[in-house]
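Here the structure is laid out as structure tokens; the discussion comes afterwards.
Residue numbers start at 1 and run along the sequence shown.
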Amino acid sequence: MSASVVVTGLGVAAPNGLGREDFWASTLGGKSGIGRLTRFDPSGYPARLAGEVPGFAAEEHLPSRLLPQTDRMTRLALVAADWALADAGVRPEEQDDFDMGVVTASASGGFEFGQGELQKLWSQGSQYVSAYQSFAWFYAVNSGQISIRNGMKGPSGVVVSDQAGGLDAVAQARRQIRKGTRLIVSGGVDASLCPWGWVAQLASDRLSTSEEPARAYLPFDREAQGHVPGEGGAILVMEAAEAARERGARIYGEIAGYGSTFDPRPGSGREPGLRKAIELALADAGAAPGDIDVVFADAAAVPELDRVEAEAVNAVFGAGAVPVTAPKTMTGRLYSGAAPLDLAAAFLAMDEGVIPPTVNVEPDAAYGLDLVVGGPRTAEVNTALVIARGHGGFNSAMVVRSAN
């Protein structure tokens, strides 16, 4: 049997809460972080709403030398990693450098930093472009900067599979720990709320153009018309269960199972791959469908994609047989940061015996889901399933289990 891998630390930066406690209180209270974009003037674009992380001042958390070389995405990731390590009671300087690694996910890299340097190139000339442009835009920069800041020289990497990437990175981290690495920092943080990043997101034709924050992002609702993007995510500290218990660490829960698939070519007539990903995750966890206490949905808010997800969930669990929730209706879709944030919410739900709500949605009965709406639902939560799908056909599913 493969070694158990557990989560001992959580660091959160979300549009409805900065820090784990603030995020969780807001989530249970149904507080949304979605509103009109403020990081740039969105009036010339068809979509104008986003989930922005509030009150984040990087200079209050990071040394000044890091600010000129980092995108907002990386600053959020560095601070979330600091919080996760502190939450886990881990002091990196006291650990073996080569026994710690970093595996994160990214959907876009440091778009805002890249846009700024391109503007300098066009308007002022190449001599005004920062040397940091060589890496600050890159998909792997969060892994690199976290590893440098904390002296982590063990197995590391980055996964790029859009919204599915957050689960894929955590799964890769689990593999490295099972191979013998002591500790891996994992998860994902994205932040592409700049004109360059916004245009790239608009190209998907999946963004909501509603001007009403409370009616803009409505998965599994008859009025669904696309998603609202957001920034942020979560960073997790992962360890072998035996090592975590030996040092007396608090354990949030276990990464129990994982599965991933890729959808067939559009128009092929073949079944989407999401159901299989769920089945693979359950099998990897040694869990039966009846063991799952809640499903954290991908929640695309595109009718056809919602239908595919609902059909997959119902095929595995039975129509209305398991509670389903999408707390990301309070944050927007955070791309690589979305699924790690759902993992954090799942672990917190296990700890408190409560399922967070899906806000603003009036469930369409045609989907056949038991969607948790209106407020939190008290329930015994020992095992949860988190689903994530990336644009282009990526499907990932992860089973997490309570440590109790």
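Contact between Val53 and Arg72 at its shortest, heavy atoms only, is O-NH2, 3.2 Å. Taking all atoms of both residues into account, the shortest heavy-atom contact from Asp342 to Ala297 is OD2-O, 4.0 Å.
Within the 3.5 Å criterion, the main-chain N or O of Asn360 finds a donor-acceptor partner in the side chain of Arg215. Although no hydrogens or angles enter the test, the distance criterion places no donor-acceptor pair under 3.5 Å between the side chain of Asp291 and the main chain of Ala287. Side-chain N or O atoms of Asp168 include none that pairs as donor or acceptor with a backbone N or O of Val159 at under 3.5 Å. Formation of a donor-acceptor pair under 3.5 Å by the Asp306 side chain with backbone atoms of Pro219 is not found in this model. Thr74 contributes no side-chain N or O that, together with a main-chain N or O of Thr70, makes up a donor-acceptor pair within less than 3.5 Å. Here the side chain of Thr261 pairs a donor or acceptor atom with the backbone of Gly273 at under 3.5 angstrom. Side chain of Asn16 to backbone of Met330: no donor-acceptor contact under 3.5 angstrom is found. The closest donor-acceptor contact from the side chain of Arg178 to the backbone of Ala3 lies under 3.5 Å.
Using modelled atom types, one finds a donor on one side chain and an acceptor on the other under 3.5 Å when comparing Glu380 with Asn382.
Among Trp137, Tyr139, Tyr132, the single residue meeting the ring-ring contact (aromatic ring centres under 6.0 Å, His included) criterion with Phe135 is Tyr132.
Ring pair Phe40/Tyr45: centre-to-centre distance below 6.0 Å. Aromatic rings of Trp196 and Phe111 (six-membered ring for Trp) have centroids within the 6.0 Å cut-off, being under it.
Salt bridge present: Glu239 and Arg182 bring a charged side-chain N and a carboxylate O closer than 4.0 Å.
Here the straight-line distance linking atom CD of Glu271 with atom NZ of Lys276 works out to 10.0 Å at 0.5 Å rounding. Atom CD of Gln201 and atom OG of Ser108 lie 7.0 Å apart (nearest 0.5 Å). Between atom NE2 of residue His391 and atom OG of residue Ser161 there is a gap of 13.5 Å, rounded to the nearest 0.5 Å.
By the neighbour-count criterion of 12 heavy atoms within 6.0 Å, atom CD of Glu352 is densely surrounded, having more than that number from other residues, nucleotides or ligands.
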